[in-house]
Amino acid sequence: MRLAVPAAVFAVLVVAAFGDGYFRDELYYLACTRRMAWGYVDHPPLCVALLWVVRHAAGESLLVLRAVAALATAAVVWMTGSLARRLGADSFGQLLAMAAAAMAPELLGIGSFYSMNILEVVFWTAAARLLVEILDRPTDTRWVTLGLLLGLGLLNKISVLWLGAGIAAGLVLTPARRLLLTRGPWLAGAIAGVIFLPHVLWQVTHDWPTLEFIRNASRDKMQSNPPLSFLADQVMNLHPVALPIWLAGLVALLAGNRFRQYRLLGIAFLTVAAILILNRTSRSGYLLPAFPMLIAAGGAWWSHVLHGTPARAAVLVLLAVAGAATLPLAVPVLPVDSYVRYSRALGVAPSTEERQQLGRLPQFFADRQGWDRFVDQIGSAWDRLTPDERSRAVIVTSNYGEAGAIELMGRSRGMVAASGHNNYWLWGPPSRPADVAIFPRRNRTNLDRLFAEVKQVGQTDCGDCMPYENQLPIFICRGPRTPLVVLWPSFKHFN
């Protein structure tokens with residue numbers, strides 16, 4: 001019975017894989033797998049390394065990528081139930097915790113495509129599960145395992161540093177501080193640091209590009225997210241109906257006698273939340289990985305409160321119905337037109353946490369739309385070139401999504417893409433003359449300055465994609481006044 005909820009989550013997400021196209025970041029990750037390294041401008045290497053294995057074992061189809069993400073999401077749901085059991089929940093409490101996790105729109109959303117973000121939740125939840133075992137009975141083996149988890153988690157996403165800060169605060173501020181007198185936590189920290197060291201060395205040798213990326217994104221890309229707005233978003237991210245579950249879990253971890261031994265988890269959550277709130281430009285979803293431990297504690301608390309009452313079945317039914325109602329807002333299970341009508345009926349407007357204009361869809365869905373059309377329209381310009389020109393030409397895009405789409409969907413036509421965005425800039429311009437270039441961009445002013453001949457040959461039309469990629473003029477440029485390799489430093493934009 002405990003496998004039913006994770007299995008249902010997996011099935012829904014796999015079926016939804018057929019409902020849209022590649023997500024922008026998936027195209028970028030696939031490009032990264034063709035250029036393996038110990039780091040990238042905007043993420044560490046583990047999610048790329050895993051995708052490299054998947055790609056070589058099963059291919060790079062949309063279904064393969066989404067199946068991996070669906071499996072990771074199902075694992076989070078299962079581990080939430082397992083954590084609830086460790087905290088004292090009976091079968092109902094475990095089902096309650098898994099159902100609350102499974103209905104969370106934010107979890108389902110990031111689980112509907114492949115990225116480091118869903119893997120991040122896996123690492124945080126597994127670490128929380130192991131922390132409970134350590135608090136019950138600390139052993140060197142468990143501390144070593146925690147160090148391995150945290151180290152691998154850091155190689156996936158550096159936000160695990162927030163979790164590390166939360167664990168440290170929990171150790172200092174609770175009776176668990178006695179563990180600091182043992183070698184266990186220091187051993188775990190050392191192991192995590194050694195595992196993370198290759199990425200740190202990559203950062204050093206590349207002049208700390210991730211710090212520049214974070215600084216630029218906070219200043220130029222991300223919208224301000226005041227504390228009250230950030231907290232209100234958590235209610236929606238986890239689903240309003242689930243609020244009594246995770247909130248009860250937080251209160252129980254911080255003040256409940258039954259959970260006194262596990263107070264460290266509550267302190268860790270508050271520490272991570274404080275870090276993100278004080279930043280004021282943090283995405284609301286950044287706090288998601290810290291919630292499974294609250295949901296698990298809430299499942300354990302409610303299992304005792306509702307013990308022997310008929311309300312148990314009604315609560316599970318309520319969660320199932322409420323989760324089904326919001327599922328289309330998180331996962332592409334509806335056609336676009338149907339989604340638009342449904343979201344408007346619920347009063348949900350398109351949203352983004354970036355400083356971007358939107359169309360009918362939120363950015364989360366728009367980033368999956370129209371890539372095949374976009375590439376085909378660029379390809380029409382590519383086909384205008386003579387065979388000799390194509391052997392020397394390059395398509396210069398504004399961002400990694402566009403470059404990744406051309407690289408994946410245009411390679412059969414010989415299309416070659418470059419971009420100054422994030423790691424594409426580090427990879428540099430292609431090793432070809434590039435005396436013919438195709439630019440999909442809004443403004444031609446700079447092109448006239450850089451090339452002797454600039455000719456518009458078409459424009460993009462990618463439907464419900466992000467507006468900044470729709471109706472873009474497509475220019476063929478010849479006769480560069482300065483070689484692309486000389487201009488390349490000016491193309492750099494990390495954000």
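Just so it is clear, the values below take in all heavy atoms, side chains as well, and ignore hydrogens, waters and symmetry mates. We count residues from 1, following the sequence as given.
The number of heavy-atom neighbours closer than 6.0 Å to CD1 of Ile158, taken from other residues, nucleotides and ligands shown, is 12 or below. Counting non-hydrogen atoms of other residues, nucleotides and ligands closer than 6.0 Å to CH2 of Trp208 gives a total above 12.
The aromatic rings of Trp52 and His56 sit tilted, their planes meeting at an angle between 30° and 60°. Ring geometry for Tyr40 against Trp202 counts as tilted: the plane angle lies between 30° and 60°, on a 0 to 90° scale. Between Phe196 and His199, the angle of the ring planes lies from 30° to 60°, which puts this pair in the tilted group.
Remark: side-chain polar atoms of Arg142 are paired, donor with acceptor, to backbone N or O of Arg137 under 3.5 angstrom. When atom types are taken as modelled, the side chain of Asn423 and the backbone of Val41 share a donor-acceptor pair closer than 3.5 angstrom.
Salt bridge absent: Asp464 and Arg368 never bring a charged side-chain N and a carboxylate O closer than 4.0 Å. One finds no salt bridge joining Arg283 and Glu106 here, because no Lys/Arg side-chain nitrogen approaches an Asp/Glu carboxylate oxygen to under 4.0 Å. Contact check on Glu407 versus Arg35 returns a salt bridge, with a Lys/Arg side-chain nitrogen under 4.0 Å from an Asp/Glu carboxylate oxygen.
Closest approach of Ala72 and Leu119 over heavy atoms only: CB-CD2, 4.3 Å. Taking both residues in full, the closest heavy atoms of Leu264 and Ile167 are given as CD1-O, 4.2 Å, listed atom of the first, atom of the second, then distance.
Glu402 and Ser419 form no side-chain donor-acceptor contact under 3.5 Å, judged by distance and modelled atom types alone. Neither side chain, Arg215 nor Thr210, offers a donor N or O lying under 3.5 Å from an acceptor on the other.
To the nearest 0.5 Å, atom OH of residue Tyr400 and atom CG of residue Asp25 are 3.5 Å apart.
In this structure, Arg258 is not positioned above the aromatic face of Tyr262 in the sense of NZ or CZ being under 6.0 Å from the six-membered ring centre and within 45° of the axis.
Partners of Leu318 by side chain to side chain contact (heavy atoms under 4.5 Å, CB included), not counting sequence neighbours, listed by chain and number: Val241.
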Output side-chain donor-acceptor pairs under 3.5 Å for residues 74-82, partner residues at least two apart or in another chain, one line each.
| from | atom 1 | to | atom 2 | distance (Å) |
| --- | --- | --- | --- | --- |
| Thr80 | OG1 | Val76 | O | 2.8 |
| Ser82 | OG | Arg129 | NE | 2.8 |
| Ser82 | OG | Arg129 | NH2 | 3.4 |

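When ring centroids are compared, Phe291 and Trp246 come within the 6.0 Å threshold. Aromatic ring centres of His421 and Phe213: separated by at least 6.0 Å.
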